[in-house]
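The chains referred to below are lettered A, B, ... by the order of the sequence lines, with proteins before strands, and numbering in each begins at 1. Side chains included, hydrogens not; waters and symmetry mates left out as well; all remaining heavy atoms used.
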Amino acid sequence: MSELSEQEILRRNSLKELRDLGIDPYPAELFKVNVTAKEIHDQFPKDNGLFQDVSIAGRIMQRRIMGAAAFTEIQDATGKIQLYFKRDEICPGEDKTMYNIVFKRLLDIGDIIGVKGFVFTTQMGETTIHVKEFKLLSKSLKVLPNVKEKEDKVWDAFTDPEQRYRQRYLDLIVNPKVKDTFFKRTQIMNTMREYLNEKGYLEVETPILQPLYGGAAARPFKTHHNSLDMTLYLRIANELYLKRLIVGGYDGVYEFSKDFRNEGMDRFHNPEFTQIELYVAYKDYNWMMDLVEEMVEKIAMDMHGTTKVKVGDKEIDFKRPWKRITMYDAIQEHTTIDISEMNEKQLTEVAKKVGVEVDASMGKGKLIDEIFGETVEPNLIQPTFITDYPVEMSPLAKKHRSKPGLVERFEAIANGKELCNAFSELNDPIDQRKRFEEQLELGKRGDDESMVLDEDFLRALEYGMPPTAGLGIGIDRLAMMMTNSPSIQDVIFFPQMRPEKKAAGATDAEFMEFGIPEAWVPVIRKAGFKTIEEFKAANPNKLFNDLGGLRKKLKLDIPALKIEEVRAWFE
RNA sequence: GAUUCCGUAGCUCAGCUGGUAGAGCAUAUGCCUUUUAAGCAUAGGGUCCUGGGUUCGAGCCCCAGCGGGAUCACCA
């Protein structure tokens, strides 16, 4: 246990006092709630006859006590509402303990209480609950960051990203907009789920632990299964498993999948992230473009009531139809260079010219991809489909029906970022084997993201997979865009971070080995002794005096020490 | 991984040329029966991220480390 601050010690003392008064600070039984803050705010002003017998629970966020009356603000899942406490109503009899002691002194900001009463409007015009009785539901021992707000103004905002991400619960308590962002994230997934279920596609689950990682070009996390004594990888994509299910005879399957990639982290990348992948039999990539447009447009409409979404200083309009342009045309449009007929050597020259760092591991596909990423992608703000990628960079996509050297693939780009990736799936098992082998070649050249060969997947294809359209959408990236969040950490509840720094110093047990009673250990620390070495060097007489002083100062309810006891610790 | 900025009270942040550690909110105590970020008054509260160094003297300067932010690199 780390050292307690003065306020934390006070709260622990309050906890004990409550118990002494016969009040359980953590009661077991449920507290019946019949209304939310939002319901009251939405309906009461229209009909003052409503809510004359409410029961509501929430966390105390603010208190203003004026003698025998007080205003308190509680926050439930839907928002905040003000409470009015009056001493003689809380305590109608002679005994004013519940108000004077329990409410005024033993409750704190952060405590969770339940109240019963009726709703009225104060002279200041604020909808308020007049409390007739209250009950402590959970005592809070830690002090919340105290954020003050009034309409749009916020004082002392809780903004430190490290604390916000590490202690997301605090972020959620204190920054109401955060709750809304995650509500919207779920709304995006619900809209997708409804849309796809309505079409009759099946939501499925496939392995996260995979003996071979495939379906994307990325470096995996590696782990080990003890009883099988084998290496397993955390999936980087679920593509190859979903396609096996299409071979098995489903018309359409999709999965919201957590994928894991062992790569750099920044505001667009978290090591684990969520994708939806969808595969539909007897369709092609043109059909899939229509679906993506329709589905994403619907998400924007469901969430914002319009197809226009503000992202940073831009406004993105997801209204159908989106622009469609081939990759080569897009590169030519932005650079005036036609790379469609170029070989690897020529492409290397172009890449260098536009400012791409080139190395020997790069094949033709990678080079084109880099050129595209450098010159075109950041400039595509409004949703745009880029179609017809070179075969070298798409080992799982079907060869283009009419353009040699290309595959039937598209990405949707919006706000300069990839929104989705999709293709007519390659179902020619012999071609697929060849493509895997080419990937192996790239691997030998040093491309550590090249794909590995999956024999079982090839075997599945050999049984025959119908022509299939496949799609992957990054949910985190989409959520960022739809909620106008500048960083991926803002749309992931618990983004990956380095472990918290450990507090140095001796443990409670180490101190107790000297015979120090447990209750005194925090006091020893408070007196400035963090390590055993420091403690051993202490003067027993001075320590005795200091501890006695601290006991008094902190109003600790533990028996005073005798000098003999303290001396005994040092023998 | 590189560059750069940051780390001071429970929270948000000041801190002079290197000379006794500051404010607001929060907390405690007293007063006060409807306040609107903060009622009034008073008080308590600190490992100035850690460890070295320079100095009579370091929150401040130097070195190293830890943690974080931003930008870049990497990122089908």
Query - salt bridge (Lys or Arg N to Asp or Glu O under 4.0 Å) pairs, two or more places apart, involving residues 484-496 of chain A - result: Arg164(A)-Asp490(A)

Pair up each side-chain donor or acceptor in residues 407-416 of chain A with any protein partner under 3.5 Å, not counting sequence neighbours, and list the distances.
unit_1: Glu408(A); atom_1: OE1; unit_2: Arg401(A); atom_2: NH2; d: 2.9
unit_1: Glu408(A); atom_1: OE1; unit_2: Ser424(A); atom_2: OG; d: 2.8
unit_1: Glu408(A); atom_1: OE2; unit_2: Arg401(A); atom_2: N; d: 3.1
unit_1: Glu408(A); atom_1: OE2; unit_2: Arg401(A); atom_2: NE; d: 2.5
unit_1: Glu408(A); atom_1: OE2; unit_2: Arg401(A); atom_2: NH2; d: 3.3
unit_1: Arg409(A); atom_1: NE; unit_2: Asn421(A); atom_2: OD1; d: 3.0
unit_1: Arg409(A); atom_1: NH1; unit_2: Met393(A); atom_2: O; d: 3.1
unit_1: Arg409(A); atom_1: NH1; unit_2: Ser394(A); atom_2: OG; d: 2.7
unit_1: Arg409(A); atom_1: NH2; unit_2: Glu411(A); atom_2: OE2; d: 2.9

Query raised in the report: Quick one: on RNA chain B, does Met124(A) or Phe158(A) contact a more 5' nucleotide (nearest heavy atom)?
Result: Phe158(A)

Query raised in the report: So what does Arg409(A) touch, heavy atoms closer than 4.0 Å: a base, only the sugar-phosphate, or nothing?
Result: sugar-phosphate

Query raised in the report: Checking all strands, does Glu370(A) fall into the base, sugar-phosphate, or nothing category for heavy-atom contacts under 4.0 angstrom?
Result: sugar-phosphate

Query raised in the report: Considering only the P atoms, how many Å lie between rC56(B) and rU3(B), rounded to the nearest integer?
Result: 34 Å

Requested in this report: Using the P atom on both, measure rC40(B) against rC5(B) and round to a whole Å.
Outcome: 41 Å

Requested in this report: State whether Phe103(A) and Arg63(A) meet the cation-pi test: NZ (Lys) or CZ (Arg) under 6.0 Å from the six-membered ring centroid, and within 45° of the perpendicular axis.
Outcome: yes

Report task. Check whether the side chain of Thr122(A) and the base of rU36(B) form a donor-acceptor pair under 3.5 Å. Result -> yes

Report task. For rU3(B), give its Watson-Crick or G-U wobble partner with both distances under 3.5 Å, or none. Result -> rA70(B)

Report task. Assess whether one donor atom and one acceptor atom, taken from the side chain of Gln7(A) and the base of rA28(B), lie less than 3.5 Å apart. Result -> no

Report task. Give a yes/no on whether any side-chain N or O of Gln62(A) is located under 4.0 angstrom from OP1 or OP2 of rA38(B). Result -> yes

Report summary line: Scanning all shown strands, the Watson-Crick or wobble mate of rU29(B) with both distances under 3.5 Å is rA41(B)

Query raised in the report: Under 4.0 angstrom, heavy atoms only, what part of the nucleic acid is Phe423(A) near: base, sugar-phosphate, or nothing?
Result: nothing

Query raised in the report: On a whole-Å scale, what distance lies between the P atoms belonging to rC72(B) and rG10(B)?
Result: 36 Å

Query raised in the report: Nearest of rC11(B), rU35(B), rA76(B) to any side-chain atom of Thr128(A)?
Result: rU35(B)

Requested in this report: Pick the C1' atom in rG52(B) and in rA70(B), then give their distance to the nearest Å.
Outcome: 29 Å

Report task. Determine: side-chain N/O of Arg11(A) to OP1/OP2 of rU27(B), distance under 4.0 Å, yes or no. Result -> no

Report task. With P as the reference atom in both, quote the distance from rG59(B) to rU8(B) in angstrom, rounded to an integer. Result -> 15 Å

Requested in this report: Look at Asp171(A) together with Arg168(A) and state whether they make a salt bridge at an N to O cut-off of under 4.0 Å.
Outcome: yes

Query raised in the report: When we call it a touch if two heavy atoms are under 4.0 Å apart, what does Asp88(A) touch: a base, just sugar-phosphate, or nothing?
Result: nothing

**Report entry** Whole-Å C1' distance, rU33(B) and rU20(B)
**Finding:** 45 Å

Query raised in the report: With a non-hydrogen cut-off below 4.0 angstrom, is Ile65(A) in contact with a base, only sugar-phosphate, or nothing?
Result: base

Query raised in the report: Does the pair His130(A) and Glu89(A) meet the rule for a side chain to side chain contact (heavy atoms under 4.5 Å, CB included), with working shown?
Result: CA-CA 9 Å; His130(A) 188 118; Glu89(A) 291 218 38; 2.6 Å; yes

Query raised in the report: Does OP1 or OP2 of rU71(B) have a side-chain N or O of Arg267(A) closer than 4.0 Å?
Result: yes

Query raised in the report: Which listed nucleotide (rU35(B), rG45(B), rA73(B)) is nearest to the side chain of Glu6(A)?
Result: rG45(B)

Requested in this report: Compute the centroid of each ring, for Phe134(A) and then for Phe85(A), and state whether the two points are separated by less than 6.0 Å.
Outcome: yes

**Report entry** Nucleotide of rG68(B), rU27(B), rA76(B) approaching Asp160(A) most closely (side-chain heavy atoms)
**Finding:** rG68(B)

Query raised in the report: What nucleotide, of rG39(B), rU34(B), rU12(B), holds the atom closest to the side chain of Tyr84(A)?
Result: rU34(B)

Report task. Using the P atom on both, measure rA37(B) against rU29(B) and round to a whole Å. Result -> 26 Å

Query raised in the report: Can you find a donor-acceptor pair, distance only, under 3.5 Å between Asp266(A) side chain and rC74(B) base?
Result: yes

Query - Polar pair under 3.5 Å, donor/acceptor by atom type, side chain Glu162(A), base rG67(B) - result: no

Query raised in the report: In the strands shown, is rC61(B) matched to any nucleotide by a Watson-Crick or G-U wobble pair with both distances under 3.5 Å, and which?
Result: rG53(B)

Query raised in the report: Looking at rU36(B), does its base get a donor-acceptor pair with the side chain of Glu126(A) below 3.5 Å?
Result: yes

Requested in this report: Tell which nucleotide pairs with rG46(B), taking only Watson-Crick or G-U wobble pairs whose two distances are both under 3.5 angstrom.
Outcome: none

Query raised in the report: Given the P atoms of rG19(B) and rA58(B), what is the spacing between them in whole Å?
Result: 11 Å

Query - Of Asp108(A) and Lys86(A), the one whose closest RNA chain B nucleotide lies more 5' - result: Asp108(A)

Report task. Tell me, please, whether Tyr241(A) has Arg244(A) positioned over its six-membered ring: NZ or CZ under 6.0 Å from the ring centre and within 45 degrees of its axis? Result -> yes

Query - No-H, no-angle donor-acceptor pair, Arg261(A) side chain to rA76(B) base, under 3.5 Å - result: yes

